[in-house]
Visitor: 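This is the structure I want to talk about, given as structure tokens.
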Amino acid sequence: MKRGVKHMKNNIEKTDLSPYQVDHRGSSYKSSVVFIGSTPLGGDYPVRIQSMTNTDTLDTKASVAQCIRIIEAGADYVRLTAQGIREAENLAVIKKELLRAGFETPLIADIHFNPVVAETAARFVEKVRINPGNYVDKRASFEKHMLTEKEYNEELERIHTKLLPLINICRENKTVIRIGINHGSLSDRIMTRFGNTPKGMVFSALEFIRIFKAENFSDLVLSLKSSDTVIMIEATRMLVSMMQTEELSYPLHLGVTEAGEGEDGRIRSAAGIGALLAEGIGDTIRVSLSEDPEKEIPVAGKLAGYYPRGISQKAPDKPLNYKVPSSKPEILKRIIGPLVVSNMTSFPEINAVIYKNTGYSTDAKTGEIKKTDSSVDLIIVKNCPENIPENVSLILPYRIWHENRGKDRIYPLFSPETFHESAYRSEKLNVLLTGSNFNIEYLKDPAPDTTLVIFTFNPEKELYAADYFLNALEENNLSYNIVLNPVFREKNLEDLQIKASSLLGRYILDRRVTGISITNTGDVDFIDITSLAFSILQCTETRITRTIYLSCPTCGRTKFDLRESVKKVKEATGHMKGLKIAIMGCIVNGPGEMAGADYGYVGATNGKVHIYRGTVPVLKNIPEKDAVMKLLKVIEKDQASL
């Protein structure tokens with residue numbers, strides 16, 4: 001065993017994770033196949049969908065009923081928490097009742113803190129999820145614990161010893177193990193060495209992978225989750241790069257933890273998961289919503305359907321490296337974050353309806369059009385109005401712009417061909433509208449300091465059109481500020497939310513584009529499309545226009561009504577801007593996932609809540625009925641002292 005640990009440690013030290021590059025093709029990473037019960041995962045099999053119950057695992061009737069609802073919604077696997085021996089043993093009863101009812105869907109046990117619970121559950125279920133951050137280690141204290149090399153190796157040997165019984169039981173019972181890394185619960189050992197970072201997450205996984213390799217156990221699934229979509233994506237890409245280098249091929253489970261509920265939960269999950277699925281990364285997904293678990297399944301199904309297995313083979317052979325230029329037109333420098341552009345050319349004349357649809361408000365007394373935090377930055381219109389409200393910027397066909405060029409806050413719209421030939425040009429901002437049939441020669445007319453390019457494409461026909469366009473710019477040494485404008489034809493708002501978020505998320509998160517514009521020819525209101533654009537930027541944390549809320553999906557460890565608490569916290573703090581507030585059902589991932597949050601509302605025991613400032617609990621065991629008001633008072637006191 002010591003030889004195995006030493007080998008593991010040396011491999012970790014030699015693994016260079018930076019710089020790293022993931023090839024954005026479906027053929028770049030192909031996972032091995034593991035059988036979770038009779039349902040295979042990985043390889044060329046479809047992306048599998050799963051959810052997790054939030055019932056008390058000791059309540060057999062409620063747990064079985066919820067499992068059935070999740071399965072009937074379309075889940076391939078169902079996960080249940082097992083926080084103690086009794087809960088782990090009751091998984092056998094739950095499984096028996098499900099089989100009696102005719103349901104053979106594989107079950108997964110979710111374990112934290114207790115190896116004996118994992119060993120018990122592994123005898124009854126098809127897969128066990130363990131968290132390296134707390135499987136052997138105590139809950140992180142977020143304090144530095146410097147270890148000598150000898151002490152570090154002893155820690156790894158201790159972990160190896162603790163894992164051996166589970167490995168043997170899983171081998172005997174053909175039980176798969178998920179090494180489930182959470183950004184919110186890394187060990188002090190890892191955080192001292194690497195920080196609470198994507199690199200730390202990958203090394204946390206590596207510690208356990210080396211142990212399983214030393215024991216010749218390969219029925220593994222890996223996940224690197226975070227409530228921060230950037231961290232989740234970066235960590236997973238880094239892990240894939242490492243596995244490609246070392247010729248490993250474990251299946252990957254994708255998810256954004258504490259994604260929230262409603263629109264935000266769907267958008268945050270779609271942006272993070274969709275970015276990786278688009279690159280051919282991911283074998284099973286869970287969309288974590290603070291809603292009934294069965295409601296997660298249709299959302300996950302739509303995501304998996306949008307990026308089916310092998311779809312990334314349609315992407316360019318060359319990885320996408322194009323970045324937003326360091327300079328931009330002067331008129332756009334006042335905007336903090338990506339632009340939002342709205343196309344209102346379907347309206348013959350600009351009027352109050354257009355302003356409402358693009359996020360502007362109207363003063364009830366004066367009728368004055370006022371800009372809000374959710375007003376688009378540029379509106380494309382057909383004609384020039386007589387009066388242009390203050391803080392409204394319009395894009396007009398270049399000939400109409402030329403006829404009205406004496407007015408403020410209007411800018412010309414060209415095709416690249418007409419721009420190349422035209423003598424009419426603005427000294428402040430010229431907007432070029434192009435599409436999939438672009439001619440790169442017409443974009444070689446250099447004017448990047450005054451030019452914005454809107455790239456319009458149909459993702460139903462050309463899902464990777466933007467990749468090809470951005471690669472063409474890079475290959476020709478062209479550097480433009482780009483606004484992506486996918487054209488959808490969705491009749492359902494949720495469908496549009498999922499598709500637009502999963503499509504645009506990776507370009508925004510990777511800082512490849514300057515802005516977004518969403519066009520939809522289906523039955524979705526313009527005002528909802530405007531809201532969606534800002535929500536995508538909000539949930540990717542690239543442009544903050546309101547308070548950010550993180551909330552977990554709840555599980556059997558949750559000891560209070562989290563969904564009602566989320567509602568109350570939002571009602572009490574919704575008027576605030578720029579804060580990040582986390583509402584967590586339990587302490588397992590709470591402090592860690594709140595590392596980037598300003599405040600936390602975390603379940604402690606039955607009906608009791610801890611209030612956090614950052615990762616520090618400032619109020620403990622507050623009765624649930626008083627907790628929201630206490631949280632609000634902490635925030636207000638802090639705000640008053642600024």
Visitor: Which pairs, with at least one residue in residues 332-357 and sequence neighbours excluded, count as a salt bridge (Lys or Arg N to Asp or Glu O under 4.0 Å)?
Guide: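 Every pair satisfying salt bridge (Lys or Arg N to Asp or Glu O under 4.0 Å) with a residue in residues 332-357: E330-K333.
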Visitor: Over 60° means perpendicular and under 30° means parallel, so classify the ring planes of Y424 and H402, tilted if in between.
Guide: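 The rings of H402 and Y424 lie parallel, inter-plane angle below 30°.
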Visitor: For F488, check ring-ring contact (aromatic ring centres under 6.0 Å, His included) against everything at least two apart and list the hits.
Guide: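 Applying ring-ring contact (aromatic ring centres under 6.0 Å, His included) to F488 gives none.
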Visitor: Between L432 and Y442, is the side-chain contact (heavy atoms from CB on, under 4.5 Å) condition met? List the steps.
Guide: CA-CA 10 Å; L432 276 59; Y442 289 115; over 6 Å; no
Visitor: To the nearest 0.5 angstrom, please state how far the CD atom of E624 sits from the CG atom of D626.
Guide: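 With rounding to 0.5 Å, CD (E624) is 10.0 Å from CG (D626).
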Visitor: Listed by chain and number, what are the side chain to side chain contact (heavy atoms under 4.5 Å, CB included) partners of L433, not counting sequence neighbours?
Guide: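 Scan of L433 (side chain to side chain contact (heavy atoms under 4.5 Å, CB included), adjacent residues dropped) gives L413, I454, T456.
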Visitor: Quick one: side chain to side chain donor-acceptor pair (under 3.5 Å) partners of D377, sequence neighbours excluded?
Guide: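 Once residues adjacent in sequence are excluded, the partners of D377 under the side chain to side chain donor-acceptor pair (under 3.5 Å) criterion are R543.
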Visitor: With rounding to the nearest 0.5 angstrom, report the CG to OH distance, L503 to Y464.
Guide: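 Here the rounded value is 9.5 Å.
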Visitor: Between R512 (side chain only) and I482 (backbone N and O only), is there a donor and an acceptor less than 3.5 Å apart?
Guide: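 Between the backbone of I482 and the side chain of R512 there is no qualifying donor-acceptor contact (under 3.5 Å).
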Visitor: For the backbone of L443 and the side chain of H420, can you confirm whether one donor and one acceptor N or O come within less than 3.5 Å of each other?
Guide: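 Checking the backbone N and O of L443 against the side chain of H420, no donor-acceptor pair under 3.5 Å is found.
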Visitor: In Å and rounded to the nearest 0.5 Å, what is the CG to CG distance from L478 to L470?
Guide: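 The CG atom of L470 is 11.5 Å from CG of L478, to the nearest 0.5 Å.
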Visitor: Are the side chain of K382 and the backbone of I350 linked by a donor-acceptor contact shorter than 3.5 Å?
Guide: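 No: the side chain of K382 does not pair with the backbone of I350.
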Visitor: Using a 3.5 Å distance criterion without hydrogens, assess whether the side chain of R268 forms a donor-acceptor pair with backbone atoms of V256.
Guide: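 No, R268 side chain to V256 backbone: no donor-acceptor pair under 3.5 Å.
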Visitor: What closest approach, in Å, do E490 and N520 show between heavy atoms, and which atom pair accounts for it?
Guide: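 Scanning both residues, the minimum pair turns out to be N-OD1, 2.7 Å.
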Visitor: Can you name the closest pair of heavy atoms from C539 and T229 and give their distance?
Guide: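 That would be O-OG1, 4.1 Å.
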Visitor: How many angstroms lie between CG in N404 and CD1 in I388, if you round to the nearest 0.5 Å?
Guide: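 That separation rounds to 7.5 Å.
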Visitor: Give the C-alpha distance, both sets of side-chain angles, the deciding distance and a yes or no for salt bridge (charged side-chain N to carboxylate O under 4.0 Å, His left out) between K444 and E441.
Guide: CA-CA 5 Å; K444 291 181 179 179; E441 294 303 315; 3.0 Å; yes
Visitor: Will you find, in the side chains of N343 and T345, an N or O donor that is under 3.5 Å from an N or O acceptor?
Guide: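 Judged by distance alone, the side chains do pair up.
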Visitor: Apply salt bridge (Lys or Arg N to Asp or Glu O under 4.0 Å) to K302 and list each qualifying residue two or more places apart in sequence or on a separate chain.
Guide: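 Counting only residues at least two positions away or on another chain, K302 forms a salt bridge (Lys or Arg N to Asp or Glu O under 4.0 Å) with E494, D495.
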Visitor: State, to 0.1 Å, how close S375 and G359 come at their nearest heavy-atom pair, and which atoms those are.
Guide: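 Looking at all heavy atoms of both residues, the closest pair is OG-O, 2.9 Å.
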Visitor: Can you confirm whether P385 sits close enough to L394 that some side-chain heavy atom of one is under 4.5 Å from a side-chain heavy atom of the other?
Guide: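 In short, these two side chains touch, coming nearer than 4.5 Å.
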Visitor: Between I611 and K633, does a side-chain contact (heavy atoms from CB on, under 4.5 Å) hold up when you go through it step by step?
Guide: CA-CA 11 Å; I611 304 298; K633 287 184 177 180; over 6 Å; no
Visitor: On a heavy-atom basis, which atom in I231 and which in P198 lie closest, and how many Å separate them?
Guide: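 Scanning both residues, the minimum pair turns out to be CG2-CG, 4.0 Å.
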Visitor: Once salt bridge (Lys or Arg N to Asp or Glu O under 4.0 Å) is applied, what residue pairs with a partner in residues 426-436 remain, sequence neighbours excluded?
Guide: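 Those involving residues 426-436 do not exist here.
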Visitor: Quick one: are N357 and I354 in side-chain contact, heavy atoms under 4.5 Å?
Guide: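 They are not in contact (no side-chain heavy atoms under 4.5 Å apart), so the answer is no.
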Visitor: Please tell me if the side chains of V341 and I395 come closer than 4.5 Å, counting only heavy atoms from C-beta onward.
Guide: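 In short, these two side chains do not touch, never coming nearer than 4.5 Å.
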Visitor: Passes side-chain contact (heavy atoms from CB on, under 4.5 Å), V483 versus V431? Steps please.
Guide: CA-CA 10 Å; V483 171; V431 181; over 6 Å; no
Visitor: Taking the six-membered ring for Trp, are Y355 and Y360 parallel (under 30°), tilted (30 to 60°) or perpendicular (over 60°)?
Guide: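 Rings of Y355 and Y360: perpendicular, as their planes differ by over 60°.
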Visitor: Between S51 (side chain) and P293 (backbone), is there a donor-acceptor pair under 3.5 Å?
Guide: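 Flag set: sc S51 to bb P293 pair under 3.5 Å.
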Visitor: Atom CG of L429 and atom OG1 of T451: how far apart are they, to the nearest 0.5 Å?
Guide: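 Spacing of CG (L429) from OG1 (T451) equals 8.0 Å.
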Visitor: What are the two closest non-hydrogen atoms of M201 and A235, and how far apart are they?
Guide: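 Distance-wise, the nearest heavy atoms are SD-CB, 3.9 Å.
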Visitor: Would you call K568 and E571 a salt bridge, using N to O less than 4.0 angstrom?
Guide: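 No salt bridge links K568 with E571.
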Visitor: Yes or no on salt bridge (charged side-chain N to carboxylate O under 4.0 Å, His left out) for R546 and D373, after CA distance, side-chain angles and deciding distance?
Guide: CA-CA 8 Å; R546 58 184 190 271; D373 289 331; over 6 Å; no
Visitor: Applying side-chain contact (heavy atoms from CB on, under 4.5 Å) to F455 and L473, what does each step give before you reach the verdict?
Guide: CA-CA 12 Å; F455 182 73; L473 293 179; over 6 Å; no
Visitor: Is there a salt bridge (charged side-chain N to carboxylate O under 4.0 Å, His left out) between E291 and R266 once you walk through the steps?
Guide: CA-CA 11 Å; E291 302 175 22; R266 285 157 176 77; 2.7 Å; yes
Visitor: Can T573 and Y549 be counted as having a side-chain donor-acceptor contact under 3.5 angstrom?
Guide: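 Distance-only check passes for T573 and Y549.
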Visitor: Are F457 and Y468 close enough that their ring centers fall under 6.0 Å?
Guide: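 That pair fails the under 6.0 Å test.
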Visitor: So how far is it from M344 CE to T358 OG1, rounded to the nearest 0.5 Å?
Guide: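 Answer rounded to 0.5 Å: 6.0 Å.
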Visitor: Is there side-chain contact between L320 and N471, with heavy atoms separated by less than 4.5 Å?
Guide: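 L320 reaches N471 side chain to side chain.
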Visitor: Please check: side-chain N/O of S501 versus main-chain N/O of I498, any donor-acceptor pairing under 3.5 Å?
Guide: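 Checking the backbone N and O of I498 against the side chain of S501, no donor-acceptor pair under 3.5 Å is found.
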Visitor: Would you say the side chains of D467 and Y322 form a donor-acceptor pair under 3.5 Å?
Guide: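 Per modelled atom types, D467 and Y322 side chains form no pair under 3.5 Å.
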Visitor: Could you report the tightest heavy-atom contact between I622 and K630, atom names first, then the distance?
Guide: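 Taking I622 first and K630 second, the nearest heavy atoms are CG2-CG, 3.8 Å.
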Visitor: So do R489 and N458 actually touch side chain to side chain, heavy atoms under 4.5 Å?
Guide: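 Contact flag for N458/R489 side chains = no.
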